[in-house]
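Let me begin by presenting the structure, written as structure tokens, before commenting on it.
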Number of protein chains: 2
Amino acid sequence: MEVFFAEPDQISENRIRLDEFESKHILHTLKKKIGDKITITDGQGNLYHAEIIETAKRIGLAYHNYEKFKKTVPEITLAVGFIRPNRLDMLFEKCTELGVNRFILFRSQFTNYVSFNLSRFYKILRQAVKQSLQYYLPELKVIEKFDEFIDQSANYDARLICRSPDDPGIITTLKDSEAGKLKSVILGIGPEGGFSPGEFEKFKKNNFTFVSLGKTRLRTETAAITGVSVLQSYLQYHKESNIGNR
Amino acid sequence: MEVFFAEPDQISENRIRLDEFESKHILHTLKKKIGDKITITDGQGNLYHAEIIETAKRIGLAYHNYEKFKKTVPEITLAVGFIRPNRLDMLFEKCTELGVNRFILFRSQFTNYVSFNLSRFYKILRQAVKQSLQYYLPELKVIEKFDEFIDQSANYDARLICRSPDDPGIITTLKDSEAGKLKSVILGIGPEGGFSPGEFEKFKKNNFTFVSLGKTRLRTETAAITGVSVLQSYLQYHKESNIGNR
């Protein structure tokens with residue numbers, strides 16, 4: 001199954017107008033023609049079952065029905081310090097595949113990289129959503145001030161910060177929480193230089209929980225992918241064991 | 001801490017001769033000089049505390065002591081079908097960081113890629129071992145025949161194959177095994193096209209266990225990184241909870 005992408009404003013009642021990027025792929029690579037059926041998501045949980053009615057530079061589609069998908073619970077937010085852009089590309093691709101709902105890029109004392117290209121990141125998120133057959137585009141926020149990042153994290157049910165191999169792992173940490181009741185989790189990972197002692201102190205004062213991702217030293221993007229993998233897998237396990245206990 | 005790499009045959013009693021790649025990095029990027037102390041691993045569990053005694057094209061070192069590290073248990077083997085080489089690069093880098101002990105590349109019915117560059121892969125393994133502060137270089141094996149891959153997997157204590165979102169997750173699967181007694185685990189992941197029905201049948205006949213990596217569709221390299229993350233994290237959790245129960 002292959003899914004294509006259209007922004008909500010490209011979709012009106014019964015009609016969709018694709019952008020040039022998607023149109024080119026559909027016409028030139030996949031050789032689709034008028035009358036062929038394709039599926040479109042708007043990244044807002046909707047999947048449109050549509051038919052090609054016009055093969056212009058920007059393909060025109062008609063649809064008669066669509067499905068509405070619910071957001072997954074708990075909502076997972078990955079907060080990560082700025083790192084080298086090509087490693088952020090990989091992080092965004094992989095963590096979107098793994099079902100992250102929101103990305104936060106923050107600046108902290110040891111972040112070295114300043115420039116970034118948000119539209120490039122969005123393109124990666126769109127591709128990964130399509131690839132992994134999900135119908136919600138993750139949010140992407142940039143927070144320039146560390147204290148603002150702390151403030152905005154206050155409302156998450158679980159707030160995990162990766163610190164050192166000597167902290168308990170994510171499974172050990174979540175086992176004693178009521179994982180079934182979590183509505184939102186934020187996982188925070190420092191930039192390549194890690195967090196500063198002062199930053200760790202702020203996390204502590206604001207009741208974040210420190211976790212470990214294992215015994216080896218991981219690059220930031222590896223830590224992010226691993227952290228999200230373990231989080232998702234534990235939440236999945238929790239659902240599976242509840243089914244077993246019914 | 002930074003660690004450099006030397007093959008066992010570059011190391012003799014009290015002396016090490018680095019290769020040009022490492023020497024260039026140490027002299028030109030890090031600007032090290034005669035008398036500076038650096039640490040070297042041979043990828044066989046040894047860490048040498050050495051001193052630069054000659055700044056030639058291939059640096060000469062003297063050492064007076066070294067540490068011997070034990071291999072981690074259980075030993076983790078990741079078996080993966082051939083995929084696009086740049087995605088294999090990423091898989092090798094990330095999974096080495098996460099502590100995989102052995103990689104097996106196999107061919108199966110739906111593998112499309114034929115060419116590969118083993119020396120390039122080894123270079124990535126070396127870099128990732130250094131980066132993640134580990135002292136064992138993972139093994140890397142290529143198995144051309146699928147049946148041989150099945151045969152060679154017979155001796156692992158746990159044999160997991162990623163199949164479908166409807167299979168139980170890795171944590172659910174391992175929970176009922178005696179994780180503390182496992183000496184070796186093999187995790188198998190198909191190429192982009194997955195395994196064929198006939199191949200799944202062979203896995204079944206040979207008592208492999210089918211597992212899920214979650215509800216979203218993952219690229220092969222993402223599946224590999226996620227699978228290894230969850231496996232390591234569960235084994236870590238198992239150790240942590242045994243410490244708690246003492």
Side-chain angles (χ1 to χ4, degrees), chain A residues 1 3 72 86-87 89-91 93-100 127-136 165 167-176 192 211-219 221-241 243-244, chain B residues 1 3 72 86-87 89-91 93-100 127-136 165 167-176 192 211-219 221-241 243-244:
Chain A
M1 180 178 172
V3 173
T72 49
N86 65 334
R87 296 199 169 261
D89 288 357
M90 189 194 300
L91 182 153
E93 178 181 297
K94 298 303 162 215
C95 292
T96 300
E97 285 182 52
L98 290 165
V100 162
Q127 288 299 109
V129 158
K130 284 159 51 177
Q131 158 71 30
S132 57
L133 296 183
Q134 298 179 83
Y135 311 116
Y136 281 95
D167 289 309
I170 289 179
I171 302 178
T172 301
T173 301
L174 288 185
K175 203 175 67 92
D176 298 325
E192 289 298 337
V211 296
S212 149
L213 294 173
K215 297 300 176 199
T216 59
R217 181 172 72 175
L218 303 176
R219 286 180 184 274
E221 76 280 8
T222 317
I225 302 167
T226 298
V228 171
S229 296
V230 175
L231 199 51
Q232 290 285 37
S233 155
Y234 180 74
L235 295 168
Q236 186 62 36
Y237 159 69
H238 193 269
K239 280 182 197 162
E240 287 172 351
S241 50
I243 292 167
Chain B
M1 180 178 174
V3 173
T72 50
N86 66 332
R87 296 199 170 262
D89 288 357
M90 189 194 301
L91 182 153
E93 178 182 296
K94 299 302 162 216
C95 293
T96 300
E97 284 182 52
L98 290 165
V100 162
Q127 289 298 109
V129 158
K130 284 160 50 177
Q131 158 71 29
S132 57
L133 297 182
Q134 297 179 85
Y135 310 116
Y136 281 95
D167 289 310
I170 289 179
I171 302 178
T172 302
T173 302
L174 288 184
K175 204 176 64 95
D176 299 324
E192 289 297 336
V211 296
S212 149
L213 295 172
K215 298 300 176 198
T216 58
R217 180 172 72 176
L218 302 176
R219 287 178 183 275
E221 76 280 7
T222 317
I225 302 167
T226 298
V228 171
S229 296
V230 175
L231 199 52
Q232 290 286 36
S233 154
Y234 181 73
L235 295 168
Q236 186 61 35
Y237 159 70
H238 193 269
K239 279 181 198 162
E240 287 171 351
S241 50
I243 291 166

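The shown structure was predicted, so the numbers you read here are calculated from the model rather than taken from an experiment. Chain letters run A, B, ... following the sequence lines, proteins first and then strands; every chain starts at 1.
Contact between V230(A) and S233(B) at its shortest, heavy atoms only, is CG1-OG, 3.1 Å. Of all non-hydrogen atoms in E240(B) and D167(A), the two that sit nearest each other are OE2-O, 4.0 Å.
If you take CD1 on I171(A) and NE2 on H238(B), they are separated by 11.5 Å, rounding to the nearest 0.5 Å. To the nearest 0.5 angstrom, R219(B) atom CZ is 6.0 Å from E97(A) atom CD.
The candidate from Q232(B), E93(B), Q236(B) with the greatest count of non-hydrogen atom pairs under 4.5 Å with chain A is E93(B). Of the listed residues (T72(A), V228(A), L218(A), L213(A)), the one with the most heavy-atom contacts under 4.5 Å to chain B is L218(A). Considering only heavy-atom pairs separated by less than 4.5 Å from chain A, the leading option among G227(B), G99(B), P168(B) is P168(B). Interface check for chain B: of the options K175(A), Q134(A), R217(A), the most heavy-atom pairs under 4.5 Å are formed by R217(A).
Contact annotation: the side chain of K94(A) never approaches that of K94(B) to less than 4.5 Å [non-hydrogen atoms, C-beta and beyond]. Side-chain contact between S229(B) and I225(A) is absent, with no heavy atoms from C-beta onward closer than 4.5 Å.
Contact of I170(A) with chain B is not made at all, since no heavy-atom distance falls under 4.5 Å. Both the backbone and the side chain of Q131(A) come within contact range of chain B, judged by heavy atoms closer than 4.5 Å. Interface remark: L235(B) contributes no atoms to any contact with chain A (heavy atom separation under 4.5 Å).
Heavy-atom neighbours of K215(A) NZ from other residues, nucleotides or ligands within 6.0 Å: above the threshold of 12.
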